[in-house]
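First the structure, in the form of C-alpha cells, and then the observations on it.
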Protein chains: 2
Amino acid sequence: MKIDFDGIQAFVVIAELGGFSKAAEYLHVTQTALTRRVQKLEAYLGLRLLDRTTRYVELTAVGREFLPQAKAIVNEMTMAVGRLKDMSRNSRGSFTIACVPTMASHALPAVIKRYAEIYPGNRIRLIDTSAFEVRDAVLHGQAEIGVGVPTDRHPELVEVPMLEEPLMFFCREEHPLSKMKSVTWSDMREAELIVVSSMTATRVFMDYQLAKRGISLSGAYEVQHHATAIGLVAAGVGTAILPASTLGEGARPGMCRIALTGPVVKRKICLIHRKNNTLSPAAEAFFKLLLQQKNVADAS
Amino acid sequence: MKIDFDGIQAFVVIAELGGFSKAAEYLHVTQTALTRRVQKLEAYLGLRLLDRTTRYVELTAVGREFLPQAKAIVNEMTMAVGRLKDMSRNSRGSFTIACVPTMASHALPAVIKRYAEIYPGNRIRLIDTSAFEVRDAVLHGQAEIGVGVPTDRHPELVEVPMLEEPLMFFCREEHPLSKMKSVTWSDMREAELIVVSSMTATRVFMDYQLAKRGISLSGAYEVQHHATAIGLVAAGVGTAILPASTLGEGARPGMCRIALTGPVVKRKICLIHRKNNTLSPAAEAFFKLLLQQKNVADAS
DNA sequence: GATTTAATTGCAGTTCACGCATAAGATAAA
DNA sequence: TTTATCTTATGCGTGAACTGCAATTAAATC
C-alpha cells in the first residue's frame with residue numbers, strides 16, 4: 001500500500017548510471033542498500049525492473065517502459081523539494097504586500113530597495129490602496145503583510161506598531177504662519193485649508209482625536225490623495241494638514257512644514273498579518289526589515 | 001538528503017480533505033502518524049506548509065504554492081505504480097513478437113485469438129519476417145519473443161522447442177502422384193518443382209538434411225513465400241515441397257498434400273527469447289500460451 | 001465555564017533499513 | 001581449465017525511525 005520512493009529513485013539512478021555500485025556512490029549509500037531497495041520494490045510490484053547478472057545490469061521490457069515516467073517523477077520531486085529548501089534557507093520566493101498610499105510612496109521604497117539588495121530575485125506584489133482595503137486584503141489572504149493603520153480588532157489579525165508620525169501644517173514661505181516654530185489647530189483658517197477625504201482612515205482618526213478636545217475642522221478643500229494636497233499647496237491654492245512624512249525636510253522649494261500642536265495628533269502606522277498564518281520565508285524577511293524601519297523611526 | 005514521499009503525500013491528503021483525522025482514515029493510519037510525518041517534513045524543509053490550530057487546518061502561503069506540484073507528483077506516482085501493479089497482477093501491457101511468416105499465418109492466429117480473449121486490451125506488435133531477422137529482432141531487443149527456427153547457439157539467446165512439422169509434397173489432383181499415400185525425394189521431378197528461396201532457413205535446413213543422404217534438389221522454380229508457391233501449384237504450374245502447415249487438410253479444392261519420406265525432413269519451430277531478460281508479464285503470458293500450443297502439437 | 005472536537009506529545013514496542021563482512025556468479029586472462 | 005577480478009546478492013546484528021496507544025493541550029461552541 002505504501003509507495004516506495006527510495007526504491008524508484010534507486011531504480012532510476014541504477015538504470016542511468018548502469019550499475020548498483022556507481023549508483024550507490026552517487027546516492028551516498030552502500031551498494032547493499034540499493035540491492036535491498038530494488039528487491040523490495042520489485043517484490044512489491046510483483047515484477048522485475050532490472051535484469052541483472054552479477055556482472056551486468058540491464059533494463060527489462062517493463063523497466064524500459066517505466067524508466068521515463070520514473071525519471072520524470074524523481075526529477076520533479078527533487079526539484080520541488082529543492083525549491084522549497086531554497087525558499088526556506090535563502091528566504092526566496094514571491095509574496096504580496098498591501099500598503100496605504102502614503103507609506104507606499106514614503107517608507108516602503110527604501111525598505112524595498114534594501115530588500116532587493118539582500119534578496120535579489122524575489123518578486124514583491126504591492127497592492128497600494130486605502131487602509132480599509134489593506135485590512136481586507138490581509139484578512140482574505142490576498143496579501144501576506146499589510147501596512148496600514150490600527151483598526152477595530154479582528155480575531156484573525158495581528159497588528160504590530162511600526163511607526164507613528166504627527167500631522168503637520170504645510171504652507172508656502174509667503175504664508176503668515178510660515179516662520180512659526182509650531183502652530184495650533186485654532187490657528188487654522190478653514191477658508192484656505194486643504195484636508196484629505198473623510199473616507200481615509202487618517203482623516204477619521206484625526207477627526208476623532210480633535211473631537212475629543214471639542215475641535216471640529218472640515219476645511220475648504222477636500223482631496224483624495226496626499227500628493228494632490230501637496231500639489232495644491234505648492235501652487236499657492238491654500239494650506240494643508242498632512243502626515244509629516246508626506247514631505248521630507250526641504251524636499252520642495254518654497255514649501256514649509258510646521259509642527260501642529262494643541263493637541264499633537266499622531267497617525268499610527270502598523271503592520272498587519274493574519275494571526276494563525278505563518279509568513280512565507282520571503283515575506284518573513286521583509287517583515288523583519290519593516291520592523292527595523294520602526295526602530296529607525298523610534299530612534300530619531 | 002533523503003526525500004520523504006510519505007510526508008508529501010500526507011501533506012496533500014490533509015490539504016485536500018481539510019484535516020488530519022480525515023486524512024488518517026483515508027490513508028489507513030492513525031492521525032498521530034500524520035502529525036509526525038508533517039512535522040518531519042516541515043522540519044526537513046525548514047518551513048511550515050500547514051498552519052493548524054487544534055481546531056482547523058489551513059495552508060500557509062508556501063503550502064498553497066506547493067500544493068499543486070505536490071498533488072501532481074503524488075498522483076503521477078500513484079498512477080505509475082498502479083499501472084505497474086496492474087501489469088503484474090493481470091499480465092497487462094504491450095509487447096512485440098517476431099515471427100516467421102509461416103507461423104504468423106498458421107499457428108499464431110489461434111494463439112493470438114485465445115490471448116485476446118484472456119487478456120483483452122493488450123496490444124501485440126507482430127514483426128513477421130525471415131528466420132534470420134526474427135533471431136536478430138530478439139537479440140537486439142526489438143522483440144521480446146521470437147518464433148523461428150533453431151540457429152547457431154548464441155550465448156544471449158534461449159531457444160525452446162515448440163513444434164516440428166514435416167516437409168510435404170503438394171500437387172493437384174490431376175498429378176500422377178496425387179493418389180500415393182507417400183512419396184520419396186527421388187520421386188521428385190525437378191522440371192516441375194517449386195521450392196522456396198535458398199535464403200530461407202527452411203530451405204537451408206532442408207538442403208543440409210538432404211545433402212547428408214546425398215540428395216540434391218534445386219527445383220525449377222524458386223519463390224520467396226510459401227503462399228506464392230501454393231498459388232502456383234493451385235494454378236497448375238507445378239508441384240511444391242513445403243512445410244505441412246502451409247495448407248490444412250483439404251483447405252483448397254483440387255489440392256493434395258502427400259507425406260514425403262526417404263528421409264522425412266522435419267522443420268523445427270522454436271520460441272526464442274533473450275537469456276537474461278525477464279519477459280514482461282504480458283509477454284510471459286503469451287509465451288505460456290505458445291508452449292501450450294506445443295503440447296497440442298505433440299499430442300496429435 | 002463546561003463540553004466537545006481535533007491536533008500534539010510522551011512513551012514504548014516493533015518494524016524496517018542500513019552496513020559490514022562474506023558469498024556467489026560471471027567474465028576475462030593466463 | 002584455472003585463476004583473477006569485478007559486481008551483485010545474502011546473513012546477520014545494530015540502530016534508527018515509524019507507528020500506535022493513551023494522555024494532553026488548545027480552540028470553539030453551548
Side-chain angles (χ1 to χ4, degrees), chain A residues 1-45 48-60 63 153-158 274-278, chain B residues 1-45 48-60 63 153-158 274-278:
Chain A
M1 201 70 212
K2 265 183 59 179
I3 284 174
D4 177 11
F5 183 84
D6 287 351
I8 292 175
Q9 190 193 36
F11 162 68
V12 170
V13 177
I14 292 167
E16 299 229 287
L17 270 50
F20 282 67
S21 304
K22 279 169 235 159
E25 191 182 352
Y26 177 82
L27 292 173
H28 307 296
V29 289
T30 58
Q31 163 265 333
T32 307
L34 289 195
T35 296
R36 297 275 154 75
R37 285 187 193 175
V38 173
Q39 283 173 342
K40 188 180 158 222
L41 177 63
E42 288 181 334
Y44 170 71
L45 293 175
R48 283 180 88 76
L49 294 172
L50 295 169
D51 271 320
R52 40 202 191 275
T53 68
T54 55
R55 197 82 185 156
Y56 273 101
V57 173
E58 201 175 354
L59 288 165
T60 62
R153 287 256 169 271
H154 188 287
E156 296 271 301
L157 295 179
V158 178
R274 281 174 58 101
K275 189 169 189 180
N276 293 317
N277 281 47
T278 310
Chain B
M1 202 67 212
K2 263 185 59 180
I3 284 174
D4 176 12
F5 183 83
D6 288 351
I8 291 174
Q9 189 192 36
F11 162 67
V12 169
V13 177
I14 291 167
E16 298 229 289
L17 298 179
F20 282 67
S21 304
K22 280 169 234 160
E25 191 182 353
Y26 177 83
L27 291 173
H28 307 296
V29 290
T30 57
Q31 165 263 347
T32 307
L34 290 195
T35 296
R36 298 274 155 72
R37 286 188 192 174
V38 173
Q39 283 173 342
K40 189 183 157 219
L41 177 63
E42 288 181 336
Y44 170 71
L45 294 175
R48 285 178 88 76
L49 294 171
L50 296 168
D51 271 319
R52 41 201 190 277
T53 67
T54 55
R55 198 84 187 156
Y56 272 102
V57 173
E58 202 176 355
L59 289 164
T60 62
R153 288 257 170 272
H154 189 287
E156 295 271 302
L157 295 180
V158 178
R274 283 175 58 101
K275 190 170 189 178
N276 292 318
N277 281 46
T278 309

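Chain letters run A, B, ... following the sequence lines, proteins first and then strands; every chain starts at 1.
Counting any heavy atom pair closer than 4.0 Å across all strands shown, B:Arg36 reaches a base atom. Residue contacts for A:Thr53: at a heavy-atom cut-off of 4.0 Å it reaches the sugar-phosphate backbone alone, with no base atom in range. Using a 4.0 Å heavy-atom distance criterion, B:Thr32 is classed as a base contact.
What separates CG of B:Leu34 from P of D:dC21 is a distance of 13 Å, to the nearest Å. To the nearest angstrom, P of D:dT8 lies 11 Å from CG of A:Leu17. Across the protein-nucleic acid pair, A:Glu42 atom CD and D:dA9 atom C1' stand 13 Å apart, rounded to whole Å. Regarding A:Asp51, its CG atom lies at a distance of 13 Å from the C1' atom of D:dT8, rounded to whole Å. Atom CD of A:Gln39 and atom P of D:dT8 are 13 Å apart (whole Å). The distance between atom CD of A:Glu25 and atom P of C:dG19, rounded to the nearest whole Å, is 14 Å.
Checked against D:dT10, D:dA27, C:dG19, the side chain of A:Val29 finds its nearest nucleotide in C:dG19. Distance from the side chain of B:Ala33 is smallest for D:dG20 among the nucleotides C:dA7, D:dG20, D:dT8. Ranking D:dA9, C:dA7, D:dA28 by closeness to the A:Phe20 side chain, first place goes to D:dA9. Comparing C:dA7, D:dT8, D:dT10 by their closest approach to the side chain of B:Ser21 singles out C:dA7. With D:dT19, D:dT7, D:dA28 as the choices, the nucleotide that has an atom nearest any side-chain atom of A:Lys2 turns out to be D:dT19. Taking every side-chain heavy atom of A:Lys40 into account, C:dA17 is the closest of C:dA17, C:dT8, D:dA27.
Put simply, the side chain of A:Arg52 and the base of D:dT8 share no donor and acceptor less than 3.5 Å apart. Residue A:Gln31 places a side-chain atom within donor-acceptor reach of the base of D:dA9, judged by atom type and a 3.5 Å distance cut-off alone.
Residue-to-nucleotide proximity on DNA chain D shows that, of B:Thr30 and B:Arg55, the 5′-proximal contact is made by B:Thr30. Toward the 5′ end of DNA chain C lies the nearest nucleotide of A:Asp6, the other residue of the pair B:Asn276 and A:Asp6 mapping further downstream.
At least one donor-acceptor pair closer than 3.5 Å links the side chain of A:Thr60 to the backbone N or O of A:Arg48. In this structure, the side chain of A:Asp51 engages the main chain of B:Thr278 through a donor-acceptor pair within 3.5 Å.
Looking only at atom types and distance, the side chain of A:Ser21 has no donor-acceptor partner in the side chain of A:Glu25 under 3.5 Å away.
Between A:Glu42 and the choices A:Arg52, A:Arg36, A:Arg37, the salt bridge (Lys or Arg N to Asp or Glu O under 4.0 Å) rule is met once, by A:Arg52.
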